[in-house]
Q: 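Quick one: the structure is below, questions incoming.
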Protein chains: 2
Amino acid sequence: MARTPAPGTRDTILTAAAGLFYEHGVRAVGMAQVVEVAGCGKNLLYRHFPSKASLAAAYLALVRQERDRSCTEALRWAAGPESQLTALVLEIADMVRRPRYRGCAFRNYLTEFPGEDDEPARVAKAYLADTRAEVDRLVAECGGDTLLADRIWLIVNGLYAGPPSQAQVAVDWVTELVGSRTPPPD
Amino acid sequence: MARTPAPGTRDTILTAAAGLFYEHGVRAVGMAQVVEVAGCGKNLLYRHFPSKASLAAAYLALVRQERDRSCTEALRWAAGPESQLTALVLEIADMVRRPRYRGCAFRNYLTEFPGEDDEPARVAKAYLADTRAEVDRLVAECGGDTLLADRIWLIVNGLYAGPPSQAQVAVDWVTELVGSRTPPPD
DNA sequence: GTCTATAGAAGGATAGAC
DNA sequence: GTCTATCCTTCTATAGAC
């Protein structure tokens, strides 16, 4: 046999690309830069990801995977749909407050490539649609109407865009909105 | 005799660039494309705008000029700070509902060029800071606290990002928020 | 020797700037 | 129009592990 292929090469490349793409934007980062940070040759990069679009799609898929895991974990300890809704917003707020937060990766991609319908754009749109659907589901579960769902989605969108100092305002507001739906017993 | 310079050349170029930049993003549009749409020569473009960054800055300055004019017009007929606040949000909502709306030009630029501090970035940041300051001012004028200002800013940010179908929700919500501050006389 | 890795040049297109 | 630089992508050359 010949030289054994390194096992984690794909992950190494993808991790390097993800960091660069998120920090500087997909358009601003060249494939040569990815190769340099990943510490591999161009040949290997193109063997794992046949194009920059496929690499960008894998980057967004990775971010989605991390976010899904993080949200699932956050919702695990919430009792009912009300506290799940609050936990969901709190999870986003925690992300916004992270030191190297640079906006929502999916919204950023759609802003960088407006009107595009390639694979990464579809990944991004799917994430946004699914998240919105989950908000709708949770609101419906706790007896809220579409107005409440629209309002929470408005807050979520503002939370992603706004400064980190606004994060707590969003969390408290959503808590208040869904909390007022369940009048305290007695 | 030398050829007389056309009077509206700068505006023609800037209008063409503005349309392209807003529709496709600044990074995606090349100077050649601007020249093609403007119908002028490249040398003329570089005589008016010595670099792409300066053209982008002029584009954002033009957008700001239009927005300032539009907001001033919207606030003209509003009686007190409460209705001015509502009028401000309604003006943004009208923009969001326009058929070719593609997001906030300033936020889009900052997303396309993260971490940059060139002239267009400064124009964009100044607009956002000024708008936020105006919201703060109006909220303070009608006796609201910083929490109300933060909440309205959250809605405004969500309004810019969200789908046009959310626009009315934002307008109604802000109307309700500032309206509840002025209990009806009698 | 054979296979896979990296490094880097080459191709072709397109960018910004003059 | 031209010039230079850089983009993504492909390919060649070479070194290293089996």
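All of these numbers come straight from a predicted model, not from anything done at the bench. A, B, ... follow the sequence lines: proteins, then strands. Residue 1 opens every chain.
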Q: Roughly how many Å is it from CG in B/D118 to P in C/dG16, rounded to a whole number?
A: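 Going from CG in B/D118 over to P in C/dG16 covers 14 Å.
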
Q: Ignoring hydrogens and angles, answer whether the base of D/dT9 and the side-chain atoms of A/K52 contain a donor-acceptor pair closer than 3.5 Å.
A: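 Answer no: no donor N or O sits under 3.5 Å from an acceptor.
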
Q: Figure out the CG/C1' separation between A/L45 and C/dT4, and round it to whole Å.
A: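 Taking atom C1' of C/dT4 as the reference, CG of A/L45 is at 16 Å.
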
Q: Considering only heavy atoms, which members of residues 10-17 of chain B lie under 4.0 Å from some atom of DNA chain D?
A: none

Q: Considering heavy-atom distances to DNA chain D, does B/K42 or A/P50 have its closest nucleotide positioned more toward the 5' end?
A: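 Checking each residue's closest nucleotide, the 5'-ward one belongs to B/K42.
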
Q: I need the CG-C1' distance between B/L55 and C/dA17, as an integer number of Å.
A: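 Going from B/L55 (CG) to C/dA17 (C1'), I get 13 Å.
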
Q: What is the separation between atom CG on A/N43 and atom C1' on D/dT14, rounded to the nearest whole Å?
A: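 Rounded to the whole Å, the gap is 13 Å.
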
Q: Is the backbone of B/V26 close enough, under 3.5 Å, to the side chain of B/K52 for a donor and an acceptor to pair up by distance?
A: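 Yes: the side chain of B/K52 pairs with the backbone of B/V26.
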
Q: Is the backbone N or O of B/A105 less than 3.5 Å from a side-chain atom of B/Y22, with the two atoms forming a donor-acceptor pair by type?
A: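 Looks like no, no N/O pair under 3.5 Å.
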
Q: Give the rounded distance in Å between these two atoms: CG of A/L44 and C1' of C/dT4.
A: 9 Å

Q: Nearest 0.5 Å, please: how far is CG in A/N157 from OH in B/Y160?
A: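 One finds 14.5 Å between OH of B/Y160 and CG of A/N157.
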
Q: Check this for me: does any side-chain nitrogen of one of A/E134 and A/R137 sit under 4.0 Å from a carboxylate oxygen of the other?
A: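 Looking at A/R137 together with A/E134, the answer is yes, because their closest N to O distance falls below 4.0 Å.
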
Q: Is the terminal nitrogen or CZ of A/R67 (NZ for Lys, CZ for Arg) located under 6.0 angstrom from the six-membered ring centre of A/Y127 and within 45° of that ring's axis?
A: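 No, A/R67 does not lie over the aromatic ring of A/Y127.
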
Q: Is any side-chain nitrogen or oxygen of A/R47 closer than 4.0 Å to OP1 or OP2 of C/dA5?
A: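 So the side-chain polar atoms of A/R47 do come within 4.0 Å of the phosphate oxygens OP1 or OP2 of C/dA5, strictly under.
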
Q: More than 12 non-hydrogen atoms from neighbouring residues, nucleotides or ligands closer than 6.0 Å to CD on A/E36, yes or no?
A: no

Q: Rounded to whole angstrom units, what separation is found between the NE2 atom of B/H48 and the P atom of C/dG16?
A: 19 Å

Q: Let's see if you get this right: which residues in residues 21-38 of chain A place a heavy atom under 4.0 Å from DNA chain D?
A: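 The answer is A/V29, A/G30, A/M31.
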
Q: Are A/R98 and A/D94 close enough for a salt bridge, meaning some N to O gap below 4.0 Å?
A: no

Q: Compare side-chain N and O positions of B/Y46 against OP1 and OP2 of C/dC18 and report whether any pair is under 4.0 Å apart.
A: no

Q: Under 4.0 angstrom, heavy atoms only, what part of the nucleic acid is A/G39 near: base, sugar-phosphate, or nothing?
A: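 Contact class for A/G39: sugar-phosphate only.
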
Q: How close do A/V29 and A/H24 get, counting heavy atoms only, and between which atoms?
A: CG2-CB, 3.8 Å

Q: Out of curiosity, A/L45 CG to A/T9 OG1, how far, rounded to the nearest 0.5 Å?
A: 11.5 Å

